[in-house]
K.L.:
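For reference, the structure I am asking about is given below.
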Amino acid sequence: MLEILPQIIWYSLLAGAIYALIAIGLTLIFGILGFINFAHGDMAMLGAYLFFALSIFLKIPYWASFIIVIPAAALIGIVIEKLTFKPVRKSPPVTPLVISIGVGAVIQAIVLLLFGAEVRSYRQEGDLMTQTYSFFDNSLVITQSQIFLMVVTALLLGGLHLFLKYSKQGKAIRAVADNQDVASILGINIDTTVSLIFALGTVLAAIGGLLIANEQNLNVTMGISLGVKAFAAIVLGGVGNLLGAVVGAMVIGFSENFIVGFTPVPANFKDGIVFFLLIIVLFVKPGGILGAKREEDVRGK
């Protein structure tokens, strides 16, 4: 049984990295507007399909397709924020929450119309990303795409931390999250800052979606599971806590892979594992593992 331990640990890190990317974007939006964007998982699905359209349909090289997805996702995030969430920014949190569910349904419908309901894949035998490396007498097998996933995730999370802590725009985001009225008095453009947050959150989700699609097939409903696990991650770690979102994502990634790997629980019970874990943690510590909003978080407290 222990011979599969290195592989289980690696799969857990991969899953946690993907959930962290999506959960961070969800936390950023919550920090500014105070509601959970349930369309966020569908942004990840949309990123995967955008990459599929560029690399498979249009035959654009892998790296060029990856780069194109970034501004495309940012633009989509800004447009959605301007058209759907900005008009209800002063409304009770339940209003944008319900709207986000509708936005997710619209995104799924558009992707279904353009790509159909069949399962898609952009993995091709012989591609650089399918190359494998073996360690510990083949007890650990790592693909090129998995290495790329971990490197990109580490760079994005590290870059985001530096951006929020040291850049002028990052400080503006923290000020707006702390108090929008005071931030406006100080000369910070609220609309621009909110748009920037949606752009950042959507880009992180889209990259997470295209990275995970290197490891599994694409389908229109894949964003639902990703969104649920991202939501669970931010609740586990502490709502509004950026570091907590990463910790919660890793806890989910390790828990579901270890339980499926070392118990009779089948893989299709992973979502159930996530919510069982969530219930247990909230019974013990209702504020999440790290609690809500630390000083270095997006609210700057």
K.L.:
In Å, rounded to the nearest 0.5 Å, how long is the span from CD1 of Ile197 to OG1 of Thr27?
P.N.:
10.5 Å
K.L.:
Are any non-hydrogen side-chain atoms of Met45 and Leu226 less than 4.5 angstrom apart?
P.N.:
no
K.L.:
Evaluate the side-chain proximity of Ile9 to Phe258: yes if any heavy-atom separation is below 4.5 Å, no if none is.
P.N.:
yes
K.L.:
With the side chain counted from C-beta on, respond yes when Ile36 and Ile234 share a heavy-atom pair under 4.5 Å apart, and no when they do not.
P.N.:
yes
K.L.:
With side-chain contact (heavy atoms from CB on, under 4.5 Å) as the test, pick out the partner of Val103 among Ile101, Ile99, Val106.
P.N.:
Ile99
K.L.:
Taking side chain as C-beta onward, heavy atoms only, is Met43 less than 4.5 Å from Phe198?
P.N.:
no
K.L.:
Any side-chain heavy atom of Val251 sitting closer than 4.5 Å to one from Val281?
P.N.:
no
K.L.:
Quick one, Thr192 and Gln169 - any side-chain contact, counting heavy atoms below 4.5 Å?
P.N.:
no
K.L.:
Could you go step by step and tell me if Ile173 and Leu200 meet the side chain to side chain contact (heavy atoms under 4.5 Å, CB included) rule?
P.N.:
CA-CA 11 Å; Ile173 288 171; Leu200 282 173; 4.2 Å; yes
K.L.:
Would you say Phe276 has more than 12 foreign heavy atoms packed within less than 6.0 Å of its CZ?
P.N.:
no
K.L.:
In a check of ring pair (Phe, Tyr, Trp, His ring centres under 6.0 Å) between Phe51 and each of Phe57, Tyr62, Phe66, which one passes?
P.N.:
Tyr62
K.L.:
Leu160 and side-chain contact (heavy atoms from CB on, under 4.5 Å): which partner among Leu162, Leu156, Leu164?
P.N.:
Leu164
K.L.:
Which heavy atom in Ala20 sits nearest to a heavy atom in Leu157, and how many Å separate them?
P.N.:
CB-CD1, 4.4 Å
K.L.:
For Gly47 versus Leu210, what's the shortest heavy-atom pair and its separation?
P.N.:
O-CB, 4.0 Å
K.L.:
CZ of Phe52: more than 12 outside heavy atoms within 6.0 angstrom?
P.N.:
yes
